[in-house]
Amino acid sequence: MAACKELTTDLVPEFVSSVDTILCDCDGVIWQGKNVVPGAQEALKKLRQKGKKIFFVTNNSTKSRKQYMQKFTSLGFEVYEEEIVCTAFAAAAYLKYGLKYEGKVYLMGSAGMEEELELMGYQHTGTGPDPSPSYDLDKWAALPIDPEVKAVVMGFDEHLSYNKLVKAGTYLNDPNCIFVATNEDMRYPYQGKVIIPGTGVLVQAVRAAAGRDPVVLGKPNRYLFESIMETHQGINPQRTVMIGDRMSTDILMGKNCGLKTLLVETGINSGEEAKEHQRSNSIERQKMVPDYYIKSLGALGDGIV
Ligand SMILES: [Mg+2]
């Protein structure tokens with residue numbers, strides 16, 4: 001059973017010396033939407049000074065690595081492009097290096113995903129609205145289908161429409177057509193009573209239309225960490241920590257990859273919720289229990305001497 005111990009200030013130095021590599025989620029850990037989590041820059045700076053390798057591992061598919069660079073820099077973070085492991089980049093890299101795919105891509109996603117696909121040399125069908133005609137089966141049946149498309153790639157697409165479901169389902173009706181999704185987060189973290197559905201909700205619709213499951217790259221799956229291992233020599237999972245705010249993605253990915261795990265309480269889940277998981281009789285919930293929890297990344301920084 002996982003420890004689920006509070007990482008108090010006095011425990012921080014020993015913890016930090018037990019790791020060489022830090023995987024850090026972004027939203028709810030280093031920033032909350034547009035605001036920096038207090039102390040996050042300083043904490044990361046101290047970790048760099050200690051010689052730690054840092055990677056920013058995010059499920060959010062709306063930005064390219066370049067766009068993330070701009071966000072990090074504008075918020076005052078030191079960052080290098082190869083440290084950013086976002087799913088828009090991962091989707092393009094997976095097609096190219098994982099599958100050696102050479103055809104055209106039917107894309108449901110963002111400008112960030114377009115950019116990453118183009119950097120890998122892919123032609124794609126573009127993003128934006130594809131509004132449906134009013135109810136008319138013949139019109140849907142006559143929608144143009146591109147014979148060069150042998151891969152459907154999807155991330156967050158605020159313009160998902162009935163037309164797109166028809167097209168994606170039709171492409172995926174060919175069992176050889178590749179089906180890749182960036183992530184399956186069901187909701188965006190958002191204060192208040194409004195529910196903002198995430199990419200996972202859209203993926204469910206396409207999955208149902210296609211009658212097939214996609215390869216999902218984002219956390220809690222192992223792909224993002226495996227891609228880091230492949231492109232950077234000498235990373236030891238046992239000396240790597242995944243820092244995140246969501247147990248069902250961040251912490252579970254850490255567990256799935258044999259990493260140490262640290263939950264910060266500046267986002268989705270709290271240490272108290274982690275303990276509830278630990279006390280439960282559910283194996284599923286116990287799998288998401290972090291080794292440690294701490295108030296914030298800033299608190300981690302405070303403990304580094
Ligand atoms: Mg998060």
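Reckoned from all heavy atoms, side chains included, excluding hydrogens, waters and symmetry mates. First listed ligand is number 1; within each ligand, the first listed atom is number 1. Quick note: residue numbers are just sequence positions, from 1.
Ring pair W140/Y135 is perpendicular by interplanar angle, where above 60° counts as perpendicular and below 30° as parallel.
Looking at F56 and Y68, their side chains never come closer than 4.5 Å, going by heavy atoms from C-beta outward.
D25 contributes atom OD2 as its closest N/O/S atom to the Mg ion (ligand 1). Distances from the Mg ion (ligand 1) to each N, O or S atom of D27 single out O as the nearest.
Residue contact annotation: D245 places an N/O/S atom under 2.8 Å from the Mg ion (ligand 1).
A salt bridge between K104 and D146 is present, with a side-chain N of the basic residue lying under 4.0 Å from a carboxylate O of the acidic one. Using a cut-off of 4.0 Å between Lys/Arg side-chain N and Asp/Glu carboxylate O, K5 and D291 are scored as not salt-bridged.
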